[in-house]
Amino acid sequence: MKSKRISLFLTIVAVVGFVSGSFAAVQQAESGRGGNGTEILAAGASFPFPLYSKWFSVYNQKTGIRVNYQSIGSGGGIKQLTNKTVDFGASDAFLSDEDLHKMPAQVVHIPTCLGAVVLTYNLPGHPTLKLNQYAIAEIFLGRLKNWDDARIKKLNPGVRLPNLPISIVHRSDGSGTNFIFTNYLSKISGEWAKKVGFKTSVDWPTGIGAKGNEGVSGMVKQTPGAIGYVELIYALQNRMPFASVRNKNGVFIRPSIQSVTIAANTNIPASARVSITDTNAKGGYPISSFTWILVYKDLKSDNITEAKAKEVVKLLWWMTHEAQSYNAGLNYAPLTKNAVRVVEKNLKSLTYGGRPLL
């Protein structure tokens with residue numbers, strides 16, 4: 001009799017466990033794409049990933065909302081938004097008119113911050129170099145091949161440059177950082193514009209590829225004589241040197257929050273699609289850029305619930321307002337006033353089934 005009672009008790013425990021587990025599974029599923037907004041799915045640019053990681057951690061602590069962000073590169077973020085597998089994408093490259101026409105529904109650009117793409121290198125003694133437009137273009141076209149070349153020495157009097165071949169490291173993945181850097185190269189070199197152009201992925205004339213800002217940083221750091229391009233924060237985090245770059249006004253500019261902000265002091269169109277590379281601003285760093293969140297104008301197009309859509313828009317408003325106070329601590333420039341005005345209009349234009357979300 002006792003054994004029967006034990007057996008009955010174990011059966012009840014098993015049933016309760018199964019029901020509880022099933023309920024938890026349902027809750028977990030509902031917290032994703034079709035649920036109540038407790039988890040927001042996003043993917044894309046690695047350029048702002050250190051900042052986004054901080055933002056999303058703080059937001060989770062403040063609201064309980066979890067943001068699952070995958071740093072897979074701008075190309076991957078655009079692809080996942082196109083496939084409607086994320087609630088928003090992230091890209092350092094704004095979509096062209098042609099790209100916008102290919103999307104399954106209308107897309108809105110939301111600038112979130114500004115950053116710098118820097119030229120980092122691995123040379124003995126970690127000197128601080130100066131590079132002009134000509135030297136940068138010639139290096140990445142594969143024609144300026146050695147660090148002790150007279151053309152580099154002339155720009156850096158007093159700096160001991162080694163007799164080392166220049167090893168170029170570039171992104172191997174579809175990348176907004178690629179877009180920013182090749183957009184800059186296309187503006188300073190007619191040959192680059194004609195032969196290579198600017199996109200998230202290009203056919204590089206020379207060099208070896210590495211995935212993500214993380215991969216390029218790592219490859220440069222372990223390769224004597226290497227030069228690559230990464231977001232400023234990755235160079236700082238890895239204690240790697242980076243060059244001052246001569247701008248249109250003939251001034252060598254050190255990348256910083258201040259010089260990036262100066263570069264962004266321009267009119268922002270209503271679409272928020274704007275390039276600020278090769279800036280005209282005297283004190284502006286010439287390889288600066290906004291980075292964007294890409295979201296469907298009507299979030300019902302993304303196959304999510306209205307509750308989830310409201311949480312997405314709340315998050316985007318917080319990112320572009322209160323969260324901006326965290327930017328400087330991670331070496332990202334906050335949005336300019338002109339940019340914030342455009343952001344607010346674009347966020348207020350977002351709808352769900354035609355109904356405003358703000």
Side-chain angles (χ1 to χ4, degrees), residues 21-46 48-49 52-53 55-57 59-60 63-112 173-176 200 271-273 291-320 323 343-358:
S22 299
F23 179 70
V26 170
Q27 279 190 315
Q28 185 176 5
E30 288 185 346
S31 70
R33 299 276 299 151
N36 60 7
T38 57
E39 182 180 59
I40 293 171
L41 305 180
S46 62
F49 180 57
Y52 285 2
S53 295
W55 281 356
F56 297 152
S57 174
Y59 196 71
N60 176 251
T63 66
I65 303 297
R66 180 170 176 258
V67 184
N68 182 350
Y69 182 83
Q70 300 297 316
S71 174
I72 59 173
S74 298
I78 293 167
K79 183 177 181 180
Q80 289 208 20
L81 182 68
T82 304
N83 294 337
K84 301 183 180 182
T85 55
V86 291
D87 301 319
F88 60 80
S91 177
D92 307 319
F94 57 81
L95 299 183
S96 67
D97 290 344
E98 182 181 355
D99 294 331
L100 287 170
H101 287 310
K102 291 178 181 177
M103 298 299 287
Q106 188 175 352
V107 171
V108 172
H109 289 67
I110 308 295
T112 55
D173 53 328
S175 147
T200 55
S271 67
R273 297 185 295 155
T291 188
W292 294 266
I293 293 299
L294 307 178
V295 62
Y296 287 114
K297 184 177 177 65
D298 193 297
L299 275 78
K300 192 172 184 180
S301 304
D302 203 23
N303 300 328
I304 62 175
T305 65
E306 188 168 6
K308 168 70 78 68
K310 288 179 179 178
E311 294 295 353
V312 169
V313 176
K314 284 181 187 177
L315 169 66
L316 296 179
W317 186 274
W318 181 83
M319 289 168 64
T320 51
V343 163
E344 290 179 349
K345 288 181 181 178
N346 287 355
L347 286 176
K348 288 175 182 178
S349 76
L350 299 180
T351 59
Y352 188 89
R355 295 185 295 277
L357 287 166
L358 278 177

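- Tyr296 is not listed as a side-chain neighbour of Leu350, based on a closest heavy-atom distance of 4.5 Å or more.
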Report the C-alpha distance between Phe88 and Leu315 in whole Å, list the side-chain angles of each, state the deciding distance to 0.1 Å, and finish with yes or no for side-chain contact (heavy atoms from CB on, under 4.5 Å).
CA-CA 11 Å; Phe88 60 80; Leu315 169 66; 3.8 Å; yes
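- Atom CD in Gln80 sits 4.0 Å away from atom OG1 in Thr85 (nearest 0.5 Å).
- For Thr200, the side chain to side chain contact (heavy atoms under 4.5 Å, CB included) partners at least two apart in sequence or on another chain are Ala93, Phe179.
- Panel note: side chain Tyr352, backbone Lys308; no donor-acceptor pair is recorded below 3.5 Å.
- Residues Asp92 and Pro48 have side chains in contact (heavy-atom distance under 4.5 Å, counting atoms from C-beta outward).
- Separating the CG atom in Leu358 from the OG1 atom in Thr351 is a distance of 11.0 Å, to the nearest 0.5 Å.
- Across every non-hydrogen atom of Ser91 and Thr291, the tightest pair is O-OG1, 3.3 Å.
- Closest approach of Pro111 to Trp292, counting heavy atoms only: N-CD1, 3.7 Å.
- Residues forming a side-chain hydrogen bond (donor to acceptor under 3.5 Å, both in side chains) with Asp99 (at least two apart in sequence, or on another chain): Ser96.
- Listed by chain and number, the residues in a side-chain hydrogen bond (donor to acceptor under 3.5 Å, both in side chains) with Asn346 amount to none (sequence neighbours excluded).
- In this structure Ser74 satisfies the side-chain hydrogen bond (donor to acceptor under 3.5 Å, both in side chains) test with no other residue, sequence neighbours excluded.
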Derivation of the side-chain contact (heavy atoms from CB on, under 4.5 Å) call for Arg273 and Leu100
CA-CA 12 Å; Arg273 297 185 295 155; Leu100 287 170; 3.5 Å; yes
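- Legend: residues meeting ring-ring contact (aromatic ring centres under 6.0 Å, His included) with Tyr52, ordered by chain and number and at least two apart, are Trp55, Phe56, Tyr69.
- Lys297 and Asp302 are not joined by a salt bridge, as no carboxylate oxygen comes within less than 4.0 angstrom of a charged side-chain nitrogen.
- Checked against Leu81 for a side-chain contact (heavy atoms from CB on, under 4.5 Å), the options Val295, Leu294, Ile293 give a single hit: Leu294.
- Between the side chain of Asn68 and the backbone N or O of Leu41, no donor-acceptor pair lies under 3.5 Å.
- Distance CD1/Ile65 to CD1/Ile40: 6.0 Å, rounded to 0.5 Å.
- For Asp298 (side chain) and Gly353 (main-chain N/O), a donor-acceptor pair under 3.5 Å exists by modelled atom type.
- A distance-only check finds no donor-acceptor pair linking the side chain of Ser46 to the backbone of Phe49 [under 3.5 Å].
- Pairs engaging residues 344-358 under the salt bridge (charged side-chain N to carboxylate O under 4.0 Å, His left out) rule: Glu306-Arg355 [sequence neighbours left out].
- Qualifying salt bridge (charged side-chain N to carboxylate O under 4.0 Å, His left out) partners for Asp173, counting only residues two or more places apart in sequence or in other chains: Arg171.
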Which side-chain N or O atoms in residues 102-110 pair as donor and acceptor under 3.5 Å with protein atoms at least two apart or in another chain?
from: Lys102; atom 1: NZ; to: Glu98; atom 2: OE2; distance (Å): 3.4
from: His109; atom 1: NE2; to: Leu95; atom 2: N; distance (Å): 3.0

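- Listed here is the closest heavy atom pair of Leu347 and Leu316: CD2-CB, 3.7 Å.
- Remark: Asn83 engages no residue in a side-chain hydrogen bond (donor to acceptor under 3.5 Å, both in side chains) (not counting sequence neighbours).
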